[in-house]
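Here's the structure we're looking at; comments come further down.
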Amino acid sequence: MPTYQIVAPKKNGGRLSQAEFQQCIAALQNKNQLEQRNGCTLLSYAWTANATTCYMIVDAKTHFGLSTFLSGVLPSAVPLDMNISALVTMQEMQQAIYANMKQQQQAKR
């Protein structure tokens with residue numbers, strides 16, 4: 001399953017207000033349903049100590065599922081700039097190397 005890193009700084013470099021922080025916590029309460037509905041798994045979720053940037057790592061089956069998941073797990077009332085990067089995990093790299101080695105062994109037969 002493809003893995004994505006999401007870096008979401010608050011627009012204009014500001015900090016989360018107490019109300020925005022509570023909205024983020026409330027949105028996370030729906031994480032399990034959002035994961036099931038959208039074929040995603042939230043692997044990590046953190047905010048910087050000064051509450052200016054959110055960091056997440058998410059496994060997602062589809063881009064649409066990822067987009068829908070993020071729109072549910074991050075409250076729309078909190079203004080964020082979202083940067084999404086595709087990652088290759090060590091597990092995915094290991095699986096690819098193993099599959100390649102297996103394919104080469106079969107080709108030699």
Side-chain angles (χ1 to χ4, degrees):
M1 185 178 318
T3 304
Y4 300 91
Q5 177 182 3
I6 295 87
V7 179
K10 187 165 179 205
K11 289 185 178 179
N12 302 321
R15 292 178 153 195
L16 283 182
S17 68
Q18 185 65 30
E20 290 170 331
F21 180 76
Q22 290 173 347
Q23 290 173 2
C24 291
I25 297 300
L28 280 175
Q29 302 302 310
N30 301 318
K31 176 184 85 73
N32 291 339
Q33 295 91 350
L34 290 166
E35 287 178 332
Q36 289 176 347
R37 229 180 292 141
N38 298 293
C40 296
T41 304
L42 180 62
L43 301 175
S44 72
Y45 178 95
W47 280 87
T48 54
N50 61 358
T52 58
T53 305
C54 178
Y55 292 89
M56 290 184 279
I57 297 180
V58 178
D59 278 348
K61 292 181 181 176
T62 66
H63 291 104
F64 181 77
L66 176 65
S67 177
T68 306
F69 174 78
L70 291 175
S71 65
V73 81
L74 291 171
S76 59
V78 178
L80 299 170
D81 286 321
M82 211 171 314
N83 302 303
I84 301 171
S85 301
L87 301 177
V88 176
T89 65
M90 292 301 290
Q91 179 182 7
E92 289 171 320
M93 223 189 280
Q94 182 182 25
Q95 288 171 346
I97 290 169
Y98 177 74
N100 189 25
M101 287 172 48
K102 190 173 181 179
Q103 190 177 30
Q104 288 176 352
Q105 287 174 350
Q106 289 176 349
K108 289 180 183 179
R109 291 180 188 176

Provide the closest heavy-atom pair for [X] versus [Y] in the form atom of the first, atom of the second, distance.
X	Y	answer
Gly65	Thr62	N-OG1, 2.8 Å
Asn50	Thr48	OD1-OG1, 2.8 Å
Leu34	Gly72	CD1-C, 3.5 Å
Leu74	Cys54	CD2-SG, 4.3 Å
Tyr45	Cys24	OH-CB, 3.8 Å

Original post:
If two hydrophobic side chains count as joined below 4.5 Å and joins carry through other members, does Met90 share a cluster with Tyr98?
Top reply: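 No, because Met90 and Tyr98 fall into different hydrophobic clusters, even though each may have its own neighbours under 4.5 Å.
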Original post:
With hydrophobic residues grouped by side-chain heavy-atom distances under 4.5 Å, do Ile84 and Ile57 end up in a single group?
Top reply: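 No, because Ile84 and Ile57 fall into different hydrophobic clusters, even though each may have its own neighbours under 4.5 Å.
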From [X] [atom1] over to [Y] [atom2], what is the distance, rounded to the nearest 0.5 angstrom?
X	Y	atom1	atom2	answer
Gln36	Lys31	CD	NZ	9.5 Å
Leu16	Gln22	CG	CD	11.0 Å
Lys10	Leu80	NZ	CG	8.5 Å
Thr41	Phe69	OG1	CZ	8.0 Å
Asp81	Asn12	CG	CG	8.0 Å
Leu87	Met93	CG	CE	10.5 Å

Subject >> Co-members of the apolar cluster containing Ile97 [side chain, <4.5 Å] >> reply: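 The other cluster members (ILVMFWY side chains, heavy atoms under 4.5 Å, direct or chained) are Met101.
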Subject >> Check: Gln5 side chain, Tyr55 main-chain N or O, donor-acceptor pair, under 3.5 Å >> reply: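 No, Gln5 side chain to Tyr55 backbone: no donor-acceptor pair under 3.5 Å.
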Original post:
Sub-3.5 Å donor-acceptor pair from the side chain of Ser71 to the main-chain atoms of Thr68, do we have one?
Top reply: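 Checking the backbone N and O of Thr68 against the side chain of Ser71, a donor-acceptor pair under 3.5 Å is found.
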Would you say [X] and [Y] make side-chain contact, with heavy atoms under 4.5 Å?
X	Y	value
Cys40	Tyr4	no
Val73	Val58	no
Glu20	Pro79	yes
Ser17	Val78	no

